[in-house]
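First comes the structure, then the notes that go with it.
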Amino acid sequence: MNRIFEPHKSEFHFMHDISQYQDFFIEYLKKQDIRKEPKNLYEPIEYILGLGGKRMRPVLTLMAAEVFDTDYKEALPAAMAVEVFHNFSLVHDDIMDDAPLRRGQVTVHEKWNLNTGILSGDTMLILAYQYFEKYEPGVFRDLAKLFSKTALEVCEGQQLDVDFEKRNDVSIQEYLKMIEYKTAVLVAAAMKMGAIVAKTSEKESDAIYDFGLNLGLAFQLQDDYLDAFGDPETFGKQVGGDIIENKKTYLYLKAVEFSSQEKASELQQLFSIELEDNFEKIETAKTIFNESGASKATQEAIEMYTFKAFETLEKMNINAVKKNILRTFGENLMGRKV
């Protein structure tokens, strides 16, 4: 076991490394009794939860609990709630996007059907809440309150994302608000849940929420970037998916802002049509992203939010070893390829 011990402290004050938290969580996930009747309702849930992924959000919940001197085991039900909710949102997102693949595998609505995807997704949202019932009333209340707020924001973010597809006047500020709600708030909430389980102070809980929020923004901008420039072998989703779907990502908005009127018009025209053969569309868009400086600006924004997260870290009342573990996690996120 790779544990980092601190002198003169109790056993629960050490922290594990990220791969260990992933293992602990997967072990807990496997023990969950998801196989119930009716089979067509629960099998898709088991399927999506079994598809893997990085388990980043539940790992953050476990990690945050141990940052605040509480055994990760106490945070497992909260981590499970986060993961079930996240996957519920993916099932419904995939339906809305008509996406064929998720993590390199067939999406739920394609493998079963649309109705199953909707109903199994609904069931997952309810299952997520049930995991909070494992906590005492005060902790239950705080977790459920944060969770409800976050779940609403995720839905608002998803709606903004849909609205933006039909608009040509989306500003960078509006886009950042959308990704904050759609992605970053869940990363932030995952961390704050670990803090709530650990019963830490409001000040520290809020600080770790801000750390997660900035990390989540960096993560989503990185996702936008990898969607266009990622390696199809490791990315797990269709590369160029955002371009095919005419999504006005940060890359796109910066390219319009930086390009000549002629190039900007070409890009806007490209993002207003649907083509039979998308290869050329993807390549043209990527060329404009690179030549306009939008790719570079996106990478700079990823860095800026990551460093903003690190600044929050410095204000937190935790020791240097723990700050370092959280910093390493942020750096790994920034350098990811998947």
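Given the structure is predicted, the values throughout are model-derived calculations rather than measurements. One-based numbering along the sequence shown.
- Val162 and Leu186 fall into different hydrophobic clusters, defined by Ile, Leu, Val, Met, Phe, Trp and Tyr side-chain heavy atoms under 4.5 Å apart, directly or through other members.
- Side-chain contact annotation: Ser295 with Asn290, donor-acceptor N/O pair under 3.5 Å present.
- Both tests hold for Lys111 against Tyr47: distance to the six-membered ring centre under 6.0 Å, angle to the ring axis within 45°.
- In the hydrophobic cluster analysis, where Ile, Leu, Val, Met, Phe, Trp and Tyr join through side-chain heavy atoms closer than 4.5 angstrom, Leu275 is grouped apart from Phe289.
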### Task
Using the side-chain contact (heavy atoms from CB on, under 4.5 Å) rule, take Lys323 and Leu326 through it: C-alpha gap first, then chi angles, then the decisive distance, then the call.
CA-CA 5 Å; Lys323 280 182 185 173; Leu326 289 172; 5.9 Å; no
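- A side-chain donor-acceptor contact under 3.5 Å links Asn113 and Thr116.
- Close placement of the Phe88 and Phe85 rings is indicated, their centers lying within 6.0 Å of each other.
- No donor-acceptor contact under 3.5 angstrom links the side chains of Tyr181 and Gln159, judged on distance only.
- Ring planes of Phe25 and Tyr28: tilted class, angle from 30 to 60°.
- Put simply, Leu41 and Met124 are part of the same group of oily side chains (I, L, V, M, F, W, Y) that touch within less than 4.5 Å, one to the next.
- Under a hydrophobic clustering in which Ile, Leu, Val, Met, Phe, Trp and Tyr are joined whenever their side-chain heavy atoms come within less than 4.5 Å, directly or via other members, Leu253 and Phe258 fall into different clusters.
- If you check the side chains of Gln268 and Asn168, you find no donor sitting under 3.5 Å from an acceptor.
- Residues Glu74 and Tyr135 bring no donor and acceptor atom of their side chains to less than 3.5 Å of each other.
- When side chains are defined from C-beta on, Val256 counts as touching Leu267, because their heavy atoms get closer than 4.5 Å.
- Between Phe164 and Tyr175, the distance from one ring center to the other does not fall under 6.0 angstrom.
- With contacts defined as side-chain heavy-atom distances shorter than 4.5 Å, the pair Tyr72/His16 qualifies.
- Both Tyr250 and Met304 are assigned to one and the same hydrophobic cluster, defined by single-linkage of ILVMFWY side chains at heavy-atom distances under 4.5 Å.
- Looking at every heavy atom in both residues, Val91 comes nearest to Gly117 through CG1-O, 3.3 Å.
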